[in-house]
Asker: 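My questions will all concern the structure given below.
Both ligands and their constituent atoms are indexed starting at 1 by order of listing. Computation of the quantities below employed the complete heavy-atom set of this structure, encompassing side-chain atoms and omitting hydrogens, waters and symmetry-equivalent molecules.
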Amino acid sequence: MAFKHENVADLYDIGVVLGSGHFGQVRQVTERSTGAQWAGKFIKTRKSAGSRLGVERSAVEREVELLQALTHPSIMALKDVFECRAEMVLIVELISGGELFDFIAAKDNVTESEAIAFLKQILEGVGFMHSKHIAHFDLKPENIMLSDKDAANPTIKLIDFGLAHQFKQGEEYKSMCGTPQYIPPEVINYSPLSTATDMWSIGVITYILLSGLSPFQDNTDEETLKNIIAMKFEFPEHVFSMTSESAKDFIKKLLVKDPIERMTAEECLIHQWIKPMTRKDMAN
Ligand SMILES: COc1cc(-c2ccc3ncc(-c4cccc([C@@H](O)NCCN(C)C)c4)n3n2)ccc1O
């Protein structure tokens, strides 16, 4: 997708700020020609190579290339890209149901069947991404949004591919990015990363979905990282007493130190907890 060099304000009415973070600022925008609502991610790019402010233009180009390859119902869709002076704007589908993080916070915790319904969609989106050798590298409840939180079965959308990476054949890739409580041991040890890095994060997200607790989080990031390296997590009786053994088995098969031993997204989708055996399956 070529970057349009028109001014985004010539085609869109720029609306309220929806959120901001390392990725820039996300604003609601209205396409003037159709009245359709979109989200615009406004990214300040570096004016010169030496400057510390802003994002490298090449990083935004990489993110756009990845998003173009990721057309899936569980991944936010990219519509348009603009570049004007030192600003780039990604126009993406507007997701109005808020973050999964807030959905969990609004309830003590979600039921196993609600968690399974969310995880199936997350695993289908992540499995699709991994089938193209793309890893997200920042999966967390804040980056999993709901299209309509009041719907009976909210549709999830994965957002924020600012740290995502597409692996070339045989390439070794290392990075220290991510959010402490969701990162696996290999990130902390600065070992080569892979799509299995995302699977560890899904194990942490599942633990939080079912309990409202974070398995490794401690008082400081340093202590959290020590807990991860020590593989120090448990299922406290006071919150997990009603949780099925199958759900705990699912989590234990993702929070595995060796990335090669961790379940893949495909293996998760056929795990007993996610895809229970039907009578017909048992008869076979
Ligand atoms: C294209 O890249 C991004 C898109 C978005 C995005 C896309 C569609 C969309 N519809 C609504 C929102 C939205 C609404 C409220 C807050 C936020 C965001 O600031 N918080 C969620 C992500 N955050 C924790 C990184 C985003 N978004 N955010 C967020 C981060 C990105 O790096």
Asker: Are R57 and E83 within salt-bridge range, i.e. N to O under 4.0 Å?
Answerer: yes
Asker: Got the residues with a heavy atom under 4.0 Å of ligand 1, by chain and number?
Answerer: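 Those residues closer than 4.0 Å to ligand 1 by some heavy atom are L18, G19, S20, F23, V26, A39, K41, E63, M76, V92, E93, L94, I95, E99, E142, N143, M145, I159, D160.
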Asker: Within the structure provided, determine whether F250 and E245 are in side-chain contact (heavy-atom separation under 4.5 Å).
Answerer: no
Asker: Counting heavy atoms not belonging to K174, are there more than 12 under 6.0 Å from its NZ?
Answerer: yes
Asker: Is it the case that the ring center of H165 lies less than 6.0 angstrom away from the ring center of F167?
Answerer: yes
Asker: Just so I know, are the side chains of Y173 and F137 near enough to count as touching, which here means a heavy-atom distance under 4.5 Å?
Answerer: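 Answer yes - side chains close enough.
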Asker: So which atom in M199 and which in C268 form the shortest heavy-atom distance, rounded to 0.1 Å?
Answerer: CE-SG, 3.7 Å
